[in-house]
Amino acid sequence: MDAVKKIKLFYFSGTGNAKRIALWFAEFAAKQNIRCQLYNISKTEIGTFEAFSPDELIMIISPVHGFNFPKIILNFIEHFPKGTNNIILMNTRGGMRIGRWVTPGLTGVAFLLSSFLLKRKGYKIKGQIPFDMPSNWISIHPVLGKKAVAFLHATNYSRAEKYSTKIFSGQRVFPAYRDLVQDILISPVSLTYYLIGRFAFAKSFYASPKCDNCDICIKTCPVNAITHVNGRPFWTFKCESCMKCMNFCPQQAIETAHGLFAALIILNGFITFLLYKGLLDFIQSGFARFIISNIVFFILLWISYYIQHQLLKIKFVGKLISLFSFTHYKFWRRYKSIPDNKWKK
């Protein structure tokens with residue numbers, strides 16, 4: 001790979017982690033007088049690019065969702081024009097801090113699948129780099145402390161600078177190979193999330209009575225997954241769970257329906273038990289039962305989510321629903337990738 005002279009860097013970002021990495025690489029490129037153009041994937045029509053200049057390095061960075069690139073990224077890559085350019089793939093995944101150590105996340109099939117799609121179009125993969133930025137999936141866990149977030153930003157900045165030096169000089173960089181075994185082992189979870197899990201998580205968000213209908217969540221959703229139903233924000237199955245809406249809501253009104261999902265799991269288990277003991281007791285296949293259980297779950301989810309949406313108009317009921325969401329409480333907090341001047345202090 002020859003020394004780099006021009007870069008097109010495409011990024012997708014919800015809470016800002018992937019965008020932060022993209023900005024760092026643009027900064028390092030500027031220091032070496034390399035032209036670097038940044039493109040926000042959620043606002044870029046790849047179909048407008050008939051072809052890339054042969055001497056341009058293409059870089060793509062996105063968070064990992066369910067151990068895979070989100071659908072918006074895979075669709076974007078699928079519509080790439082044919083080319084022979086060198087490509088660097090990068091991702092951000094959930095990192096934690098233990099003392100002076102950063103716990104690594106898992107990439108899953110994100111690099112494997114995207115590399116396969118790009119190679120079919122003629123591109124050459126010259127790097128695969130994961131970055132363990134602060135885990136931001138606050139539906140699952142509370143936000144990391146400020147010191148941990150600053151530490152993770154500083155650590156990843158140093159890693160990005162190191163890899164940029166190698167990339168810009170024409171070297172291949174594949175630190176992702178260190179995680180290849182566990183990434184392959186986790187691939188069934190990636191597939192399950194892509195086919196089922198992401199749709200369930202899409203219905204986990206709701207606007208509490210604190211919502212003032214400012215519509216910021218609707219206007220800024222990168223996949224246009226939020227709409228109005230009866231005058232309130234309503235999450236559709238298009239949601240990618242990028243967490244942008246929840247973390248950027250000025251009223252912190254967007255919450256996760258932990259109570260609803262706990263009730264649904266219990267109800268789904270009870271109904272499927274009755275089905276197997278009654279009408280469907282002749283079905284012995286574990287796979288068939290898995291499919292039936294998920295069909296029942298999604299029917300219940302669709303109905304219960306719509307009912308909850310209607311009940312949220314009643315303030316007393318809305319406040320009661322919020323009490324069963326961990327994200328309602330102050331200690332859970334919200335997350336945005338911090339600017340460099342915050343951690344450089």
Side-chain angles (χ1 to χ4, degrees), residues 1-14 16-65 68-93 107 110-131 133 156-157 159-176 222-223 240 242 337 340:
M1 192 166 93
D2 296 330
V4 175
K5 294 183 174 62
K6 292 189 291 185
I7 300 171
K8 274 188 168 56
L9 201 165
F10 299 94
Y11 70 89
F12 172 71
S13 190
N17 282 341
K19 182 180 180 180
R20 187 66 49 195
I21 301 289
L23 290 171
W24 291 341
F25 272 92
E27 172 193 331
F28 303 142
K31 288 179 180 178
Q32 297 195 31
N33 295 317
I34 297 171
R35 182 187 177 194
C36 181
Q37 295 174 286
L38 294 181
Y39 298 88
N40 183 341
I41 288 174
S42 66
K43 297 179 180 179
T44 302
E45 288 289 341
I46 191 62
T48 60
F49 293 87
E50 294 183 3
F52 299 115
S53 174
D55 61 343
E56 286 182 313
L57 173 67
I58 308 300
M59 304 180 76
I60 302 171
I61 182 165
S62 163
V64 169
H65 292 177
N68 194 3
F69 277 145
K71 189 173 186 295
I72 184 175
I73 302 302
L74 296 178
N75 288 345
F76 190 77
I77 289 173
E78 279 187 280
H79 289 89
F80 253 55
K82 291 184 178 181
T84 59
N85 301 70
N86 294 325
I87 289 192
I88 303 291
L89 293 169
M90 302 183 289
N91 71 50
T92 56
R93 48 191 201 178
T107 296
F111 286 151
L112 297 174
L113 183 55
S114 54
S115 294
F116 172 75
L117 294 172
L118 289 163
K119 283 181 178 179
R120 286 179 60 195
K121 293 177 177 289
Y123 295 99
K124 298 181 284 290
I125 310 302
K126 297 298 183 179
Q128 296 175 344
I129 312 169
F131 290 97
M133 291 289 275
N156 281 285
Y157 181 85
R159 290 187 71 236
E161 187 170 29
K162 178 184 72 173
Y163 288 127
S164 72
T165 301
K166 292 181 177 181
I167 291 167
F168 298 160
S169 66
Q171 297 182 49
R172 293 159 53 89
V173 284
F174 285 89
V223 293
E240 294 276 7
C242 73
S337 183
D340 294 347

Rounded at 0.5 Å granularity, tell me how far [atom1] in [X] sits from [atom2] in [Y].
X: Ile125; Y: Leu118; atom1: CD1; atom2: CG; value: 5.0 Å
X: Ile34; Y: Ile7; atom1: CD1; atom2: CD1; value: 5.0 Å
X: Phe25; Y: Phe168; atom1: CZ; atom2: CZ; value: 6.5 Å
X: Thr44; Y: Ile41; atom1: OG1; atom2: CD1; value: 7.5 Å
X: Phe10; Y: Leu38; atom1: CZ; atom2: CG; value: 10.0 Å
X: Thr107; Y: Arg93; atom1: OG1; atom2: CZ; value: 4.0 Å

Are the side chains of Ile167 and Lys126 in touch, meaning some heavy atoms are under 4.5 Å apart?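 A side-chain contact under 4.5 Å is absent here.
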
Close side-chain approach of Ser62 to Pro70, heavy-atom, < 4.5 Å: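 SC-SC contact between Ser62 and Pro70 confirmed.
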
Trace of the side-chain contact (heavy atoms from CB on, under 4.5 Å) decision for Trp24 with Asn156: CA-CA 10 Å; Trp24 291 341; Asn156 281 285; 3.9 Å; yes

[X] atom [atom1], over 12 foreign heavy atoms within 6.0 Å:
X: Lys124; atom1: NZ; value: yes
X: Lys19; atom1: NZ; value: no
X: Phe174; atom1: CZ; value: yes

Minimal non-hydrogen separation, [X] against [Y], with atom names:
X: Pro81; Y: Lys121; value: O-CD, 4.4 Å
X: Ala110; Y: Asn68; value: CA-OD1, 3.6 Å
X: Ser13; Y: Asn17; value: OG-N, 3.6 Å
X: Val4; Y: Lys6; value: CG1-O, 3.7 Å
X: Pro222; Y: Ile72; value: O-CD1, 4.1 Å
X: Ala22; Y: Ile61; value: CB-CG2, 4.3 Å

Does anything in residues 22-47 form a salt bridge (charged side-chain N to carboxylate O under 4.0 Å, His left out)? List the pairs, not counting sequence neighbours.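 Residue pairs with at least one partner in residues 22-47: Glu27-Lys31.
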
Check step by step if side-chain contact (heavy atoms from CB on, under 4.5 Å) holds for Tyr11 and Asn40. CA-CA 5 Å; Tyr11 70 89; Asn40 183 341; 3.7 Å; yes

Among residues at least two apart in sequence or on other chains, which ones pass side-chain contact (heavy atoms from CB on, under 4.5 Å) with Ser114? Phe69, Ile77, Leu89

side-chain hydrogen bond (donor to acceptor under 3.5 Å, both in side chains) partners for Ser115, two or more places apart: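 Ser115 satisfies side-chain hydrogen bond (donor to acceptor under 3.5 Å, both in side chains) with Gln128 once adjacent residues are dropped.
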
Using modelled atom types and a 3.5 Å cut-off, is there a donor and acceptor pairing between side-chain atoms of Asn85 and backbone atoms of Glu56? yes

Heavy-atom donor-acceptor pair, Arg120 side chain to Glu78 backbone, under 3.5 Å: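 Looks like no, no N/O pair under 3.5 Å.
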
Ring centroids only, cut at 6.0 angstrom: are Phe76 and Phe12 within range, meaning strictly under it?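 So the answer is no for these two rings.
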
Tell me whether the rings of Phe80 and Phe52 are parallel (<30°), tilted (30 to 60°) or perpendicular (>60°). tilted

